[in-house]
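Here's the structure, in structure tokens; my notes come after.
The figures that follow rest on heavy atoms only: side chains count, while hydrogens, waters and symmetry mates do not. In each ligand, atom 1 is the first atom listed, and ligand 1 is the first ligand listed. All residue numbers in this chain count up from 1 along the given sequence.
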Amino acid sequence: MLSLTKKRMSVRVRFAPSPTGALHIGGLRTALYNYLLAKKNDGKFILRIEDTDQNRKVDQAEAYITEALSWCGLEPDESPSKPGSFGPYRQSERKQVYQKYIQELIEKGKAYYAFDTPEELSKIREVYELEKKTFKYGIDTRMSLKNSLSLSSGETEEALNTLPYVVRLKIDSGKNIKVKDGVRGYIEVKSEEIDDKILMKADGMPTYHFANVVDDHLMEITDVIRGEEWLPSLALHQLIYDAFEWNAPKFMHLPLILKPQGKGKLSKRDGEKMGFPVFPLKWENAEGFKERGFLPEALMNYLALLGWNPGTDEEIFLMDTLVEIFNTDKIQKGGAKFDFEKAKWINHKYLGFTEEKIIFERFPEFLNCLPSTWSQKKRSDVYSLLRDRLFLLEELKSQSELFLRDPIDYDLKVMNKIIKHDPKKIVAQFCKMAKEEIPLSEWKSKIEKWNENEKLPFGAIMQSLRLAIVGNLSGPDIFIICEILGNQVTLNRLTKFINNQNF
Ligand code: GLU
């Protein structure tokens, strides 16, 4: 039985991407888990755009992220385009908020101004390297550097008016920072190991760490679910919460999505090399899951299982069920191998049970390969004949080709195997039935009757017919194919086979 956990009060979670490019499926999975946790608890799912690093910002990225979430059915309750009462939801529009809070930390003596130029710092770093040591701006070094802790108040005043400066967190010595990660348990770090991180850059913009903590607090975020790459920042974030004397949210860091072979993080290049998408929607020249013919529900189902397990062998879960059974306790620690075949299999299952009408309505771009000159019945017959064979909607094009064109040639291997049974003679029998317009439902019994004298292996008979109609042994039920093709086209193909001079 699936365990249903109790609802919690006012859960608020956020998905906080930096708009530096397309949304990778790793990010999409983070968004999904946040969404599931929110919906399970009747909470709120918030989209916050973390765009404080203007140099890395990519123009189309935010629109892409918004569109991708929407295609996946992960509609935020609050976002830049749907502001709630905790906005703005774009960090670049919250500069004044950060100014206010950085001031608060400085006044509390928890942060300080630092005036060292990047050149000065890199010189110091070089000296340390020569001595095979690593330089850290922090507890051991700060008093010998140029900052408001080492300078007199007059010097500081003067420097603030004349020099560029950053603001750094003042980390106290001798502290043991212990933070709980919901996936990995307690993480412990000594304060000496952390440097006095920059909170505010020289351009007046906050760093990721500072903005992230301030926003999570102000937006009343209760649970932070994010990628494992942020685990090393966890202790620092805790220190920022402590400096403000704020309660930190609960943290959960998701395992990496690994390459199919299992070693290393899944990258865009892996997708290009192995021919699978890593983005939900097309990005530059890389096709997304959408363009390959995934149903977004199937993609969500697959991603839900990539790093979380429901505790049963079941693998097909509609979104409503996922919301009901999702439980962060079952998020796995180890990396999750990306398995495109598995993703396709899940999509195949969804294609199998999704009503044909819905497919025609929602994914017309994939149905265009069935000519509009065909009747709706014929388009529908072809789709329903082929749907059980589809793993991706894009495959409909190649699978339906047999209805559009007569075979160009005949599979030689099959031909060599059956030639001793005189396939032309066999096909001539079918041709006769087509000419006499004998209903297809009677073809089988009629050919069996004819074969009472001929005594041919029945397989060879069917293979001859299939070869004549399709050109090879692939494809669904051959009599249904003939039915859809209609008597005239069937007759033409049979006649062409008989008239072929190459065998
Ligand atoms: N902006 C960060 C990212 O893009 C968010 C990390 C977090 O969720 O705290 O990964």
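Looking at ligand 1, you won't find any N or O of Val224 less than 3.5 Å from one of its N or O atoms.
Classification of the Trp246-Tyr101 ring pair by plane angle, with boundaries at 30° and 60°, yields perpendicular. The aromatic rings of Phe340 and Phe276 sit tilted relative to each other, their planes meeting at an angle between 30° and 60°.
Heavy atoms of Tyr208 found under 4.0 angstrom from ligand 1 belong exclusively to the side chain.
The contact set between ligand 1 and Pro17, taken as ligand atoms under 4.0 Å from a residue heavy atom, comprises 4 (O). Residue contact check: Glu50 has heavy atoms under 4.0 Å from atoms 1 (N), 2 (C), 5 (C) of ligand 1. Applying the 4.0 Å criterion to heavy atoms of Asn212 picks out, from ligand 1, the atoms 7 (C), 9 (O). Per-residue contacts place Ser18 under 4.0 angstrom from the following atoms of ligand 1 (heavy atoms of the residue considered): 1 (N), 2 (C), 3 (C), 4 (O). Close contacts between ligand 1 and Trp230 involve ligand atoms 2 (C), 3 (C), 6 (C), 10 (O) [criterion: under 4.0 Å to a heavy atom].
Ion pair Glu131/Lys133 flagged as a salt bridge, since at least one NZ, NE, NH1 or NH2 atom sits closer than 4.0 Å to an Asp/Glu carboxylate oxygen. Between Lys197 and Asp195 a salt bridge is recorded (basic side-chain N to carboxylate O distance below 4.0 Å).
Between Trp308 and Tyr33, the ring centre distance reaches or exceeds 6.0 Å. The distance between the ring centers of Tyr350 and Phe294 does not fall below 6.0 angstrom.
If you check which protein heavy atom lies closest to atom 8 (O) of ligand 1, you get Arg14 NH1, 2.6 Å. Of all protein heavy atoms, the one lying nearest to atom 5 (C) of ligand 1 is Ala16 O, 3.1 Å.
Using a 4.0 Å cutoff on heavy atoms, Glu229 does not count as a contact of ligand 1.
With a 6.0 Å radius and a threshold of 12 heavy atoms from other residues, nucleotides or ligands, Glu229 has its CD atom above the threshold.
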